[in-house]
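Only one structure is covered here, and it is reproduced in the block below.
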Amino acid sequence: MTEPTHPTNFIRHIIDADLAAGKHDRRVVTRFPPEPNGYLHIGHAKSICLNFGIARDYQGRCHLRFDDTNPAKEDVEYINSIQEDVRWLGFDWGTHLYHAADYFGRLYDWAEQLIAAGKAYVCELSAEEIRTTRGTLTQPGKESPYRHRPSAESLDLFRRMRAGEFPDGSRVLRAKIDMASPNLNMRDPVMYRIRRESHHRTGDAWCIYPMYDWAHGLSDALEGITHSICTLEFADHRPLYDWYLAAAATEHRPQQIEFARLNLTYTVMSKRMLLELVKDRHVGGWDDPRMPTISGLRRRGVTPEAIREFCDRIGVAKMDSTIEMGVLEAAIREDLNVRVPRVMCVHRPLRVIVENFPEGRVEELEAPFFPDDPPKMGARKIPFARELFVEQDDFLEEPPKKFTRLAPGREVRLRWGFILKCHAVVKDSGTGAVTELRCTYDAESGTGAPRDGRKIGSAIHWVAAAHSVPVQVQLYDRLFTVPDPAGGGADFKTHLNPQSLEVLTGARAEAAVGAASPGTRFQFERRGFYFADPIDSRPGAPVFNRIVALRDSWAKVAGGG
RNA sequence: UACCCGGUGGUGUAACGGUAACACUAGGGGUUUUGGUCCCCUCAUUGGUGGUUCGAAUCCACCCCGGGUAGCCA
């Protein structure tokens, strides 16, 4: 037995059993069926990885099918973004791209068959009346007065519905099942409604549109789907799914299996809420790097590999659960750690004058791109000069006990460079803020070769002032301040994190960083992983999104007091 | 309180009647010119009560708790 590529789960167990039992002709065909009414998010990624992953591992196939039965909410903009996102995630539907709308004709024919068989009828109750006669969770519904009309009459009416003889909302086609069923989905569900709405795919060919339940199962059957995987809230629909397949006497009988959708802490996953964030301008758009959308994660700089790894780690089950954001962050760090070169970028520069280093002189030092694996990408030269920039928070005038960075009278290692000692602090006479450090360097400490045994606390990143380039850095944090913004009673937007984006315009980086083309990733040493924004960057003026910060155990010590 | 679905460490997932595994988090230690990485260690007897069994997280019964469902949305 070979090592399984992916953790197992209850759905794979079901498929194993089906295969062993010879079900579905021993085929495995899945599908990812988004409605084109919004952008894909990481919750969809879970479903995509599940469906396409199963198809791959069982030598089956996975279809991409747009569940486009409600033209009022759907748009080609979404059709395009969804395809782009699925492809970017690394999956391929080959020739199996479908639209529920392409089945409208066959769905219609099947509907006529049901009517002829006395299994469906045209109902003239208003939407309001249908609702009130449906009963409640604890009380049975009442039969529609149109329920027992002759099938010939329903057939005639249904044809005229299609022909456009009746106004929107005046009639629906209903399945004749059981108004007393404890499952509300079985209380004569609506199959078709009249809606004069232009469809992105069928134009004005239809003025009646099928409902989800009627369209979905039959679409699965038409495509020969074997395992129709959906989220938990559809479990109550399964009896209806099966009823429709039986009523239509389809050749294939796919089976619906439900799993728990993804919940992530410190974000929201509902399309409605995401749309609201976009429309109310709380974020820059669907692809804002703070959004949990696929396009947002891509824009942020997260790789498809990291997302796939994340999806493997979280597993698949039926229990409602919420994954900690830390799991996603860990997957991202692990992926980037081995593939992204290290460079230095000072975020909030503090000027350092190296008093014993001659003005005008420059010394070239060598720094590896992958310190843990030097041959990987080699090294670059970094210039050292009299005037440097170090990070403001790497200096403390009155350092706490465990602080090992720079302070008056203290030494620190300049990463890939000399040992630096701080002698004096220059402050702004007005504000009292530290504006400059007067230091000296130890010329003998050059390459980090054996020294005199002195213990140097830490190595800090730096750049030579004159050789550094200005870059814009955008620090992203969690979009919300609470783990479950959508929970509780309050409007989720009251939990928006006002500090979810911090723009640093004064950052200084190594020259090579300034020349980076959009889409380039770096680890800025000691800070995090960054991505040259493909949209905001301009030639020679990259804008870096922080993808994820490095784990920071010092922050825990310092922050804890 | 009608029907459906769930309850395994802080968070997730696994174990499919044979004695609780993996990941993340947290804490501790080692390595380290990133307070990074890497390595090692520690943290659960499986909602409760009974029952079946040589043996139960796995099977049965009852109870408790959580989630879903009353669109002409998907």
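A, B, ... follow the sequence lines: proteins, then strands. Residue 1 opens every chain.
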hbond_proxy [X] side chain to [N] base (donor-acceptor, 3.5 Å cutoff):
{"X": "A:Arg526", "N": "B:rU34", "value": "no"}
{"X": "A:Arg131", "N": "B:rG71", "value": "no"}
{"X": "A:Asp320", "N": "B:rG7", "value": "no"}

Between [N] and [M], how many Å separate the two [atom1] atoms, rounded to a whole number?
{"N": "B:rA20", "M": "B:rU11", "atom1": "P", "answer": "22 Å"}
{"N": "B:rC16", "M": "B:rU58", "atom1": "C1'", "answer": "7 Å"}
{"N": "B:rU8", "M": "B:rU46", "atom1": "P", "answer": "12 Å"}

Nucleotide-resolved protein contact map, nucleotides 23-31 of chain B, B/S/- at heavy-atom distance under 4.0 Å: SSSS-----
Using a cut-off of 4.0 Å on non-hydrogen atoms, how would the nucleic acid contact of [X] be classed: base, sugar-phosphate, or nothing?
{"X": "A:Thr322", "result": "sugar-phosphate"}
{"X": "A:Asn9", "result": "sugar-phosphate"}
{"X": "A:His237", "result": "base"}
{"X": "A:Ile194", "result": "nothing"}
{"X": "A:Ser181", "result": "nothing"}

Contact residues, residues 139-146 of chain A to RNA chain B [heavy atom, < 4.0 Å]: none
